[in-house]
Amino acid sequence: MNHSTIMETRALRSQIEGIATLPTIPSVLRTILRVIEDPKISLKEIGSFISSDPVLASRVLKVVNSPIYGFSGRIASVNQALLLLGLNVVRGMLFGVSVFEVMEKSMEGLWAHSLGCAVTARIIAQKKGVEEPEEVSVAALLHDIGKVALHLKFPEEYAEVLARAEAEELFITVAEERHFSVHHARPGAWIAEKWNFPKNLVEMIGYHHQPQLARNVPVQTAIVHLSDIIIRARGFGFAGDRFVPPVQPAAWELLNLSDEEMKSILGEIDEGLVRAEDFLQFDE
Amino acid sequence: MARFPVADLTPGMRLSRAVHTDSGMVLIGEGTELTEAHINRLRTMDIESVQVELERRPDKTREEMLAELDERFRKSLDSVYMKRLKKIFVEHIDESFNNNGNPGAAQSD
Ligand SMILES: [Fe+2]
Ligand SMILES: [Fe+2]
């Protein structure tokens, strides 16, 4: 990277980090961000905050009972959700449920892509015996948040990038790099860091296209990476381009799934996605 | 579009066809997004199922699915891993057609 690119990237970063103050972010998200940003907030306080807003509470229950987590239909209260999933997961999830409108506005189909990726990641994480599969689900739900950030900050330019990707049959990451000199994973990590997301989550978001660079949670990052590829290959949702990007060999080797395991994963994804269908749109 | 049991409706689902009373009056119009109140009303009536829009994968033939798969993988088949992943997908599609003839056809009209 030459000097001017570093300067450019630095400028881009500070612009992206300023996004919390954008008026286009729904008010509920702004409130949530205030809650998320406070590292000292307790589970109980979050619980009562969520429960005090019926729309938010019903969304949270809908999410925790969705195929993203695999507890389907068994969680009846916000407090139970918090106990089962833990604070970090719920923080990420709150963010996920509140950005879905923005996600859908940034890119039609991005919500479905993210949701499908979360379902896939949970299934693979369970198969691999990862300790906190919910954390991987949340990372997968938010992995493309950088696309939302770029869209929010640079709506016209990002629309051009998308049009370019379509016209020239480029991977979205390549089209983004040509314009911004970085692709969405870095802005995604910047914003996740800025909003005090747990560092594992930041790593998974930041390296979901280069999982071989992950230091703290390499297996989890490889899972998010592979899930993104599988869900595109499955043709579910839209992530900004029409083509499946190649998997990183190191990630594939690290996960080391047999053909039979892969097939059983695909079967479970089909089931999970059928149940996710009525979840693609939220009611107010 | 699919017939959906009234018992399983959830708020936010959208009617793809109006619901009528026995006398033929429109009870809830086509395109209505169902609320809790609508659903409760339907449940107290003698209506078993209604037509709702479901975001489901359009039923496709095996050939259509495979052609789309080819297209999606077009730019990554240099990779041996992607060749293998694609092959797994092809087998998965084949198996789903062998098992139920037409995947996703169960609930649609
Ligand atoms: Fe991505
Ligand atoms: Fe993605």
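Residue numbers start from 1 in every chain, and the chains themselves are labelled A, B, ... in the order their sequence lines are given, proteins ahead of strands.
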Residue pair B:Arg84, A:Met262: steps toward the side-chain contact (heavy atoms from CB on, under 4.5 Å) verdict: CA-CA 10 Å; B:Arg84 184 162 151 211; A:Met262 280 295 295; 5.9 Å; no

Side-chain (B:Lys75) to main-chain (A:Glu169) donor-acceptor, under 3.5 angstrom: yes

Contacting region of B:Ile88 [heavy-atom separation from chain A under 4.5 Å]: both

Residue list, ring pair (Phe, Tyr, Trp, His ring centres under 6.0 Å) with A:His113, at least two apart or on another chain: A:His143

Any donor-acceptor pair under 3.5 Å from B:Arg72 side chain to A:Ala233 backbone: yes

Straight-line distance of A:Leu266 CG to B:Ile93 CD1, nearest 0.5 Å: 9.0 Å

Portion of A:Ile230 that has a non-hydrogen atom of chain B nearer than 4.5 angstrom: both

A:Arg234 and B:Phe89, any side-chain heavy atoms less than 4.5 Å apart: yes

Region of A:Ile269 that comes under 4.5 Å of a non-hydrogen atom in chain B: neither

Exceeds 12 heavy-atom contacts within 6.0 angstrom, atom OH of A:Tyr158: yes

Part of B:Lys87 within contact of chain A (heavy atom distance under 4.5 Å): side chain

Atom pair NE2 (B:His92) and CD1 (A:Ile265), whose distance is rounded to the nearest 0.5 Å: 11.5 Å

Residues of residues 246-253 of chain A with any heavy atom under 4.5 Å of a heavy atom in chain B: A:Pro246, A:Val247, A:Pro249, A:Trp252, A:Glu253

